[in-house]
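Note that the coordinates shown come from a computational prediction; the quantities given were computed from them, not determined experimentally. Order of the sequence lines fixes the chain letters, A, B, ..., with proteins taken first and strands second; residue numbering starts at 1 for each chain. Every heavy atom of this structure was used, including side-chain atoms; hydrogens, water molecules and symmetry mates were not.
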Protein chains: 2
Amino acid sequence: MPRKASARLDDVARSAGVSLSTASRAISEPGLVHPDTRERVQRAVAMLGYVPHGAARALASRRSRTLGAVVPTLDNPIFASSTQALQRTLAAAGYTLLLASHEYDPEAELAVTRALVERGVDGLVLVGSDHSPELARFLAQSNVPFELTWTLDPAGHHHCVGFSNRLASIRMAQHLLDLGHREIAVLSGYTANNDRARERVARVREALAGRGIPLPEARVVETAFSVARGRAALRGLLEQDPKLTAVICGNDILALGALLECAARGLAVPADFSVAGFDDIELAAEVSPALTTVRIPTARIGQRAGERLLARLAGKRVAKAEEVPVELMLRASTGPVPAGAARRGAKRAPVNPVRTAARKPRR
Amino acid sequence: MPRKASARLDDVARSAGVSLSTASRAISEPGLVHPDTRERVQRAVAMLGYVPHGAARALASRRSRTLGAVVPTLDNPIFASSTQALQRTLAAAGYTLLLASHEYDPEAELAVTRALVERGVDGLVLVGSDHSPELARFLAQSNVPFELTWTLDPAGHHHCVGFSNRLASIRMAQHLLDLGHREIAVLSGYTANNDRARERVARVREALAGRGIPLPEARVVETAFSVARGRAALRGLLEQDPKLTAVICGNDILALGALLECAARGLAVPADFSVAGFDDIELAAEVSPALTTVRIPTARIGQRAGERLLARLAGKRVAKAEEVPVELMLRASTGPVPAGAARRGAKRAPVNPVRTAARKPRR
DNA sequence: TTGTACGCGTTATCAT
DNA sequence: ATGATAACGCGTACAA
């Protein structure tokens with residue numbers, strides 16, 4: 001259904017008694033026209049209810065003042081949050097956000113990305129560094145500037161903004177190890193087509209290995225993002241492996257599930273069992289003060305991606321990779337080593353809390 | 001930064017040895033060209049990596065195959081969920097979503113809506129029926145078809161898709177009253193510029209009044225959407241009003257906070273105290289089986305809004321208002337009336353459970 | 001500071 | 001079934 005025949009720029013020009021180009025300038029480059037003229041044009045705009053025609057504008061100027069974002073899904077709060085921040089950043093700069101999601105389907109990702117490029121986005125925000133070769137090729141040839149988010153792009157090929165899973169994992173691992181934990185499991189989201197989830201597991205394993213603690217596959221469980229699934233997953237782990245004394249969760253929804261399973265088993269956290277996790281939306285942390293989390297600045301990632309893209313469009317230079325800081329949040333006081341799920345004999349824990357600038361003093 | 005000089009339609013035409021118009025048709029109306037010709041064009045498209053220029057297309061065809069959505073924020077999971085469903089629906093139909101949020105600021109809402117209309121959206125999805133007169137005027141004159149979501153538009157002026165707060169409230173109230181509760185409070189999100197929150201409170205009050213139970217202002221607390229705030233709010237209510245035996249929460253984040261406060265006070269739910277709520281994302285319900293909720297089909301709302309808009313654009317008729325069904329979820333078994341926060345003497349509850357198709361048999 | 005005139009890449013109309 | 005050509009509404013050299 002075509003838009004109603006509404007006022008066009010030449011209507012404005014006529015009504016203001018100026019030429020088309022003057023009217024155009026008065027709107028897009030007000031500084032270049034005489035104040036009186038500008039005012040007459042503005043009055044005409046208001047009178048006629050003139051709304052610029054974006055397509056015509058884009059066609060003539062070869063830019064759409066539109067940026068595209070391709071996310072896996074908004075149903076994951078971390079993407080909702082970063083997308084919200086991105087949208088806010090763009091709106092403040094007079095840009096509009098074109099949004100697409102692909103629900104972790106690489107083919108869909110290519111299709112929706114192509115759709116955004118067809119719509120003439122001036123730039124693109126993508127998630128992760130895991131993309132199909134076809135998509136990579138398409139991006140390369142279409143020549144649209146883009147930012148990868150939620151990754152630091154291990155290959156170092158592209159502009160990106162993310163945080164260090166390595167650092168976060170090391171901090172969590174160090175904390176748990178310092179508390180005396182040796183039997184540690186991992187609860188992860190599905191890792192297929194999801195480099196973020198994969199990275200988290202890999203880095204946690206690395207961090208543990210760095211301290212001589214192996215993380216066998218049997219102690220890593222992948223599950224869907226939901227409280228109930230998280231809970232069920234920990235239940236399975238504990239049944240198969242009663243020696244466990246701690247679990248590291250890929251995100252806070254799963255961590256919440258883990259907490260519930262502990263509660264159901266009468267395991268006090270962290271006295272009997274420790275739960276740590278990547279904290280995306282501060283939900284699990286709000287529920288339990290006994291949780292150790294690495295807080296991820298979700299909004300910051302979206303905001304910076306937008307700002308960086310806008311800067312690049314304006315011809316400014318930006319660092320190719322940008323790391324946003326994470327915070328280790330220790331809410332539990334350190335105490336004796338937990339007995340673990342089996343409630344067996346404990347060793348004493350070294351009193352050696354993790355030190356970090358972000359640490360909340362709470363003793 | 002203008003897009004790189006890439007292949008245009010006349011490149012394709014030349015490469016395929018046909019005219020511009022044939023190339024155009026081969027792409028947008030394949031049925032109208034000879035199969036051989038069509039194939040030659042398609043080959044040329046693939047060879048050159050041709051991507052149609054949306055702006056030019058929109059300019060010439062007067063439609064952008066783009067729909068706009070204006071939401072308060074994606075940080076509220078209900079809007080993330082409905083937006084996700086909307087996006088999925090549109091993508092399947094070859095449409096793209098332009099997204100804007102305004103964070104409950106009416107001026108921002110007008111500005112971003114205007115931006116979307118400038119970008120030439122073929123239709124618009126808005127949230128609620130609470131909009132500034134300026135926005136109403138703008139919508140009327142701009143002549144873009146739109147759907148209001150999360151409301152049934154009490155005034156009946158506009159196309160809308162939502163659910164009945166009245167029905168949901170009556171069900172919750174009836175359930176609590178049948179359990180014997182008489183001292184009931186309400187936990188709500190902020191109601192300023194938010195007709196949905198306001199409606200929920202009003203309808204709950206109405207439903208209670210319908211059974212002779214008043215809901216004084218002092219028993220309604222408005223707070224920000226967060227677990228911690230919900231918890232603090234219930235704490236405040238209980239301290240000021242120890243006779244309370246139940247609370248109805250505007251959404252499940254607040255309900256989760258309420259559950260935590262109950263736990264902290266040693267109040268068993270629902271034995272000592274009942275918590276009911278509007279359940280948007282099934283979070284609180286996942287955490288506690290003791291919760292009574294009215295489950296709202298968030299995704300359905302976004303999906304239907306998209307489908308309705310697409311249908312209207314295709315010239316089909318749709319009902320002006322569409323009500324999506326809610327489900328009353330009873331997870332708690334009925335038992336003796338709770339003693340309330342003050343743990344004072346209880347009366348017997350009538351054994352008269354709410355009947356509803358959606359009821360989960362669990363006795 | 002303002003106006004003229006051309007072009008942006010496609011669709012749609014009208015012939016053929 | 002295909003081709004020529006006129007819009008579509010605006011930005012922007014370039015000229016004045």
task = With DNA chain D as reference, determine whether B/Leu32 or A/Arg25 sits nearer its 5' end, using the nearest nucleotide of each.
result = B/Leu32
message = Using heavy-atom distances to pick each residue's nearest nucleotide on DNA chain D, tell me which of B/Gly31 and B/Ala60 is more 5'.
response = B/Gly31
Any [X] side-chain nitrogen or oxygen under 4.0 Å from OP1 or OP2 of [N]:
| X | N | result |
| --- | --- | --- |
| B/Ser24 | C/dT11 | yes |
| B/Ser21 | C/dA12 | no |
| A/Tyr50 | D/dG9 | no |

query = Below 4.5 Å, heavy atoms only, C-beta onward: do B/Thr83 and B/Leu97 meet side chain to side chain?
reply =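 Yes, at least one pair of side-chain atoms sits under 4.5 Å.
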ask   = Do the non-hydrogen side-chain atoms of A/Leu309 and A/Leu90 ever get within less than 4.5 Å of each other?
value =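 Counting from C-beta outward, A/Leu309 and A/Leu90 never come under 4.5 Å.
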Looking at the side chain of [X], which of [options] is the nearest nucleotide?
| X | options | result |
| --- | --- | --- |
| B/Ser19 | D/dA4, D/dC10, C/dG3 | D/dA4 |
| A/Leu59 | D/dT12, C/dC8, C/dT10 | C/dC8 |
| A/Thr22 | C/dT11, D/dG11, C/dT2 | C/dT2 |

Once you round it to whole Å, what is the distance between [atom2] of [N] and [atom1] of [X]?
| X | N | atom1 | atom2 | value |
| --- | --- | --- | --- | --- |
| B/Glu39 | D/dA1 | CD | P | 17 Å |
| A/Glu29 | D/dA13 | CD | C1' | 13 Å |
| B/Glu118 | D/dG9 | CD | P | 15 Å |
| B/Arg57 | C/dC8 | CZ | P | 19 Å |
| B/Arg14 | C/dT10 | CZ | P | 12 Å |
| A/Ile27 | D/dG9 | CD1 | P | 15 Å |
| A/Leu48 | D/dG9 | CG | C1' | 15 Å |
| A/Asp10 | D/dC8 | CG | P | 10 Å |

task = For B/Leu9 and for A/Gly17, find the nucleotide of DNA chain C with the closest heavy atom, then tell me which residue's nucleotide is more 5'.
result =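 The residue closer to the strand's 5' end, by nearest nucleotide, is A/Gly17.
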inquiry  = Using a distance-only criterion (donor-acceptor N/O pair, under 3.5 Å, no hydrogens), is the base of D/dT2 paired with the side chain of B/Thr37?
reply    = no
ask   = Is a donor-acceptor pair below 3.5 Å formed from side chain A/Arg62 to base C/dG9, judging by atom type as modelled?
value =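 It does not, because no donor-acceptor pair links the side chain of A/Arg62 to the base of C/dG9 below 3.5 Å.
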message = Angle between ring planes, B/His158 versus B/Phe146, binned at 30° and 60°: parallel, tilted or perpendicular?
response =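 If you compare the ring of B/His158 with that of B/Phe146, the planes turn out tilted.
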key: Lys/Arg N to Asp/Glu carboxylate O, A/Glu199 vs A/Arg196, below 4.0 Å   = no
N-O pairing of A/Asp195 and A/Arg198 below 4.0 Å = no
ask   = When all nucleic acid strands are considered with a 4.0 Å heavy-atom cut-off, which category describes B/Leu20: base, sugar-phosphate, or nothing?
value =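 Since a base atom lies under 4.0 Å of B/Leu20, the category is base.
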